[in-house]
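One structure is given below, encoded as structure tokens.
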Amino acid sequence: MFVVATAGHVDHGKSTLVRALTGMEPDRWAEERRRGMTIDLGFAWTTLPSGGTVAFVDVPGHERFVPNMLAGVGPVPAALIVVAADEGWMPQSAEHLAALDALGVAYGLVAVTRADLADPGPAMARARAEIAATSLGTVPAVAVSGLTGAGLPELRAALDRLAAGLPAPVVDDPVRLWVDRSFTVRGSGTVVTGTLGVGRLRVGDELELAGADEVVRVRGLHSLGEARPEVTAVARVAVNLRGTPRDRLGRGDALLTPGRFHRTDLVDVRLTGDPAADLPATLTMHVGSAAVPVRVRPLGPDTVRLRLARPLPLLVGDRALLRDPGRHHVTGGVRVLDVAPPPLARRGAAVTRAQVLAELDGRPDLAGELRRRRLVRAGALIRMGVPVDAPPVAGDWLADPAHWRRLGEQVTEEVARYAREHPLEPGMPVDALRQRLALPDRVLVEALVRPPLRIHAGRVGAAGADALPEPVARAVQRVRAEYGDRPFRAPEADRLVDLGLGPREIGAAVRAGALLRLADNVVLLPDVLDDAVRVLAGLPQPFTLSAARQALDTTRRVAVPLLELLDRRGATRRLPDDARIVVT
Ligand SMILES: Nc1nc2c(ncn2[C@@H]2O[C@H](COP(=O)(O)OP(=O)(O)O)[C@@H](O)[C@H]2O)c(=O)[nH]1
Ligand SMILES: [Mg+2]
């Protein structure tokens, strides 16, 4: 299937032509038929001589209904521009063409209708000349009469050729279905329709509701009036979302493949075409089927920042158009350059930003994104529309290679500085390093630590640095030499001073597991507890403090905290009379 939107001034015969081609009534509303005027979008389809199907989105031509027209053409990549032979090029011929141009529509053809009423030549020449100056370029033209049917076979053949020239549909990319209608079907619940430009939908799929941050399930799919288990792009599609109240979504909403789109209310864009020098400060942005008021902040000669009144699921490279609703005037097109732009807080930030934007063209570019963002999650880039084909540096983080190298050097510097400032600590705490480098995730620190540095017990240091600082290690050695054969004797306070073991040194040795602290200034070698329990188990049970002290060949200064430690560890138990037993 291919989808074509009509375009052209009111009463030039668009709906008549769609009716003549399809045998279907595009004007769905009684009011439209009574007034003989299209107000909202109409939908119809037919089979072409090749056997292919063309679906039409028939748009209103009246200037009051241009927003409806834009909701219809927004997601559609091809246009049938209709001009009446007897009236020629008119204001909404021009405005609709400006809209197609702003959106970058590149495929189309002209039908000069009402050719039974006047010579189609002049209207056709004018239309083709106007169109040639736009994104559509040179297009084929056919003269027709909806009344007599003259030219319809030629128009059908031209539509077939147009279809054959369209790019192959992209069916494996994520879905962003812009909703152009929502209604309730008795017994089925809420149904929304749209033009599926890319991707595929299946019954049972879960989709995100762009406006509500909510997941909905596809209960049923219709295309061309028939129920289908699956619909692939490009197609007109009706999606049944039973269980989702109808007021939850409407025109301008989008159904999205979950997790694949970034919703943003701030975008930096390039103005396309001939941007006016004095853009109004507020305009309406039309993209897909959505129309959102935006505040315009000029940045560079052809770049601006847009603040959207509500967030939309936009991708880098998206085309949109700006319109001044007060003046009924398409101001111009925009191409989205950045959907997650940095804030412009500092003085001069806008100038710098304009320079950055001058280099961007809206084509997603991984290397450029990494250069600008330095560190970013793969998922975040994918949601901006930037394909990720580089391996992450850690977790799902991607880094600009130069920035990553600099961070590696900073790790070495920071850890060395920390070691100088904290000589007794066995390395820099990982989180302190993370904060120092302003890294958003601990896995990044872990990935940046390379030999000879390593992470041990939550700290970054040189391999072996969790072994003790040199002077403390020597002191512990001497404790071992002096007390190894009377393991339950602890060095007296003045002996500790002689050995150079002050509170900080003892702390370092205890953290490194080289000493066991029983109380302030009471330390033992760390591996003596099992021996103590063995000795105590050899005593008649229960045993007193004094019996324990003698058996361990130590003093009260050691025995009291040692037994308390053993109590805490559950190796001994203190009885009501202060005697103890070894717990077996
Ligand atoms: N004589 C003649 N009248 C036409 C032709 N096409 C449309 N009309 C008439 O022009 C009027 C507007 O047509 P319509 O299709 O509603 O125009 P739209 O506003 O562009 O959709 C209607 O009265 C049609 O009957 C044509 O080819 N020949
Ligand atoms: Mg009409």
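Atoms within each ligand, like the ligands themselves, are counted from 1 in listed order. None of the values given here were measured: they were computed from a predicted structure. Residue indices begin at 1 and follow the sequence shown.
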So is Val82 in contact with ligand 1, going by heavy-atom distances below 4.0 Å? no

Got an N/O contact under 3.5 Å between Val144 and ligand 1? no

Salt bridge or not for Arg270 and Asp302, using N-O below 4.0 Å? yes

Which residue holds the protein heavy atom closest to atom 12 (C) of ligand 1, what is that atom called, and what is the gap in Å? Asp11 OD1, 3.4 Å

Does an N or O from Gly146, backbone or side chain, lie closer than 3.5 Å to an N or O of ligand 1? yes

Hey, is Arg377 close enough to Asp441 for a salt bridge, meaning N to O under 4.0 Å? yes

Given the options Arg307, Arg335, Arg305, Arg372, Asp268 meets salt bridge (Lys or Arg N to Asp or Glu O under 4.0 Å) only with Arg305

I need the atoms of ligand 1 closer than 4.0 Å to a non-hydrogen atom of Lys14, numbered in the order shown. 15 (O), 17 (O), 18 (P), 19 (O), 20 (O), 21 (O)

Evaluate whether atom CZ of Arg310 has more than 12 neighbouring non-hydrogen atoms of other residues, nucleotides or ligands under 6.0 angstrom away. yes

Minimum heavy-atom distance between Leu375 and Pro440, given as atom pair plus value: CD1-CD, 4.1 Å

re atom 17 (O) of ligand 1, the protein heavy-atom contact at minimum distance is Gly13 N, 3.0 Å

Show your reasoning for whether side chain to side chain contact (heavy atoms under 4.5 Å, CB included) applies to Val73 and Val105. CA-CA 9 Å; Val73 300; Val105 174; 6.0 Å; no

Atom 1 (N) of ligand 1: of Asp116, Thr113, Thr16, Asp58, the nearest heavy atom sits on Asp116

Among the protein atoms near the Mg ion (ligand 2), how many are N, O or S and lie under 2.8 Å away? 2

If you measure from the Lys or Arg side-chain nitrogens to the Asp or Glu carboxylate oxygens, is any gap between Arg35 and Asp27 under 4.0 Å? no

Proximal ligand 1 atoms for Ser145, defined as those under 4.0 Å from one of its heavy atoms: 27 (O), 28 (N)

Who's the nearest protein heavy-atom neighbour of atom 11 (C) of ligand 1, and how far? Arg114 NH1, 3.6 Å

Taking NZ, NE, NH1 and NH2 as the nitrogens, is one of them in Glu95 or Arg323 under 4.0 Å from a carboxylate oxygen of the other? yes

Quick one: does atom 23 (O) of ligand 1 have a protein heavy atom under 4.0 Å from it? no

Output yes when Asp400 and Arg374 qualify as a salt bridge under the 4.0 Å nitrogen-oxygen rule, no when they do not. no

What I want to find out is whether Arg200 reaches Asp172 closely enough, with some N-O distance under 4.0 Å, to be called a salt bridge. yes

Evaluate the side chain to side chain contact (heavy atoms under 4.5 Å, CB included) criterion for residues Leu21 and Leu159: first the C-alpha distance (whole Å), next the side-chain angles of each, then the deciding distance (0.1 Å), finally the verdict. CA-CA 11 Å; Leu21 286 167; Leu159 285 165; 4.2 Å; yes

Quick one: look up the protein heavy atom nearest atom 16 (O) of ligand 1 and list residue, atom name and how far away it is. Gly36 O, 3.9 Å

